[in-house]
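The structure presented is a predicted model; accordingly, all values stated were derived computationally and were not measured. Just so you know, these numbers use all the heavy atoms, side chains as well, and skip hydrogens, waters and symmetry mates. Numbers restart at 1 for each chain; the letters A, B, ... are given by sequence-line order, proteins then strands.
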Number of protein chains: 2
Amino acid sequence: MLKPKTRAKPSAKREAILDAAQGLFLDVGYAATSMDSVATLAGVSKATIYAHFDSKDQLFAAMMHRRCDASFAFVPPDDTSDAARTLTIIAERLLSLLISPEALALYRVVVAESARAPELAKAFYETGPIRAKEAIAAIVARLQLRGELLAIQDAMVITDQFIGMLRAETYHRALLGLPAARPAAQTIATTVETLVRAYGRR
Amino acid sequence: MLKPKTRAKPSAKREAILDAAQGLFLDVGYAATSMDSVATLAGVSKATIYAHFDSKDQLFAAMMHRRCDASFAFVPPDDTSDAARTLTIIAERLLSLLISPEALALYRVVVAESARAPELAKAFYETGPIRAKEAIAAIVARLQLRGELLAIQDAMVITDQFIGMLRAETYHRALLGLPAARPAAQTIATTVETLVRAYGRR
DNA sequence: GTCTATAGAAAGATAGAC
DNA sequence: GTCTATCTTTCTATAGAC
């Protein structure tokens with residue numbers, strides 16, 4: 001048996017358990033989710049859960065990996081347009097990913113558990129945010145090669161600033177469950193403007 | 001009796017309870033902190049806690065308010081220097097506040113509980129982040145008045161972008177408990193450079 | 001205000017039948 | 001693999017003495 005238990009072939013009960021665990025972990029958090037409630041929601045017995053997953057921790061980790069794959073699937077756009085147009089499309093796609101209820105809930109619970117389970121936080125970061133970030137940095141680098149953006153700063157740094165400005169207000173408030181102060185479209189527009197002013201073709 | 005229980009005069013036992021609650025809530029989270037463990041750590045009986053606080057929720061809220069006052073005391077700098085120098089000092093002070101272990105832990109647990117306790121998240125935001133943000137926006141506005149920064153964009157928007165870029169990588173990784181990818185000083189330097197390139201005097 | 005003692009419910013995990 | 005039943009511990013909150 002080479003594969004670990006948590007990567008076993010999908011079965012109906014196993015998927016039902018993961019679905020239930022996802023709903024509860026993302027809704028009420030790790031500690032407040034009981035294995036009993038997962039069993040009830042999944043329509044199985046608690047013993048069946050332990051037949052598929054060694055512990056509550058491993059169930060949580062399996063749920064997180066499955067959701068990361070689904071929540072951070074960033075689709076890079078064509079980058080044949082000018083900088084402003086390309087960055088705007090990236091911003092729209094990224095922000096709609098980030099402020100989706102599922103992605104927010106996953107981020108909340110991973111942040112909450114990062115002190116208790118550091119390797120989990122690391123796995124999350126490398127399975128989720130880093131992938132989107134590297135995809136965006138590659139596009140920024142190509143914009144620099146084409147002269148659409150000045151190459152006076154590292155593409156990764158510009159990408160970090162890009163994502164940081166996008167997450168500044170809209171995302172921060174959404175993460176705390178507060179109503180938006182500004183429309184997301186406005187945040188996107190001002191972010192792109194600022195980047196183009198700083199790094200756009202002169 | 002006008003004042004609510006959670007604002008009663010400080011007593012030795014009450015402070016000990018709050019100290020213990022803070023240590024545990026910030027360390028292991030809300031759900032994983034038991035009233036028993038708070039009592040033991042504070043050196044009091046559990047009944048004494050309930051004599052001072054109506055419930056676990058109210059104990060948490062009292063702890064949060066006390067820590068917000070301590071963790072978000074942003075001291076605005078002189079703003080008689082040029083934009084780059086002023087922004088650098090602000091960035092240094094803000095980032096050292098934000099990535100302090102206490103502020104990170106408080107943010108983690110408030111984010112984690114924001115779905116369960118929305119009014120708590122709101123109180124946190126208004127007692128903590130908003131205060132620092134408005135203090136910074138006021139300085140940005142004065143820099144604009146003095147012509148150190150162009151007034152082509154709202155001071156609040158520039159402030160959001162400023163804070164967003166600062167929190168982008170250093171803070172994001174710190175929040176997840178991951179080692180820093182770059183020194184904070186570098187993030188500060190590139191952030192200030194970008195803002196000055198976009199909004200600095202021509 | 002502060003304590004001891006405890007009620008009553010619920011937690012994570014397992015034994016053993018099938 | 002899946003179930004019922006249960007072990008053992010721990011949880012929030014309270015009763016009642018002082």
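Considering only side-chain N and O atoms, B:Y50 lies under 4.0 angstrom from the phosphate OP1 or OP2 of D:dA13. An OP1 or OP2 oxygen of C:dC3 is reached within less than 4.0 angstrom by a side-chain nitrogen or oxygen of B:T48.
Here the OG-OH distance, from A:S71 to A:Y107, works out to 13.5 Å after rounding to the nearest 0.5 Å. In this structure, the separation between CG on A:D160 and OG1 on B:T190 is 8.5 Å, given to the nearest 0.5 Å.
The aromatic rings of A:F25 and A:F60 sit perpendicular to each other, their planes meeting at more than 60°, with 30° as the lower class boundary.
In this structure, A:K46 atom NZ and D:dC3 atom C1' are separated by 13 Å, rounded to whole Å. For the pair B:M35 CE and D:dC11 C1', the interatomic distance rounds to 11 Å; values are reported in whole Å. Look at CZ on A:F53: it is 16 Å from C1' on C:dG12, rounded to the nearest Å. Rounded to an integer number of Å, the gap from B:K56 NZ to D:dC11 P is 9 Å. In this structure, A:D36 places its CG atom 14 Å from C1' of D:dC7, rounding to the nearest Å. Rounded to whole Å, atom P of C:dG1 lies 12 Å from atom NZ of B:K13. Protein atom CD of A:E15 is 16 Å distant from nucleotide atom C1' of D:dG1, rounded to whole Å. One can place NE2 of A:H52 at 12 Å from C1' of D:dC3, the figure rounded to the nearest angstrom.
Residue contacts shown for B:S37 are absent, as no nucleic acid heavy atom lies under 4.0 Å away.
Salt bridge status for A:R85 with A:E148: absent, with no side-chain N to carboxylate O gap under 4.0 Å.
With distances taken from any side-chain atom of A:S34 to the nucleotides C:dT4, C:dG12, D:dT14, the minimum falls on C:dG12. Considering only the side chain of A:A51, D:dT2 comes nearest among D:dC11, C:dG12, D:dT2. Nearest nucleotide to the side chain of B:A47, out of C:dC3, C:dA11, D:dT2: C:dC3.
Under a cutoff of 6.0 Å and an axis angle of 45°, A:R93 and A:F72 do not form a cation-pi pair.
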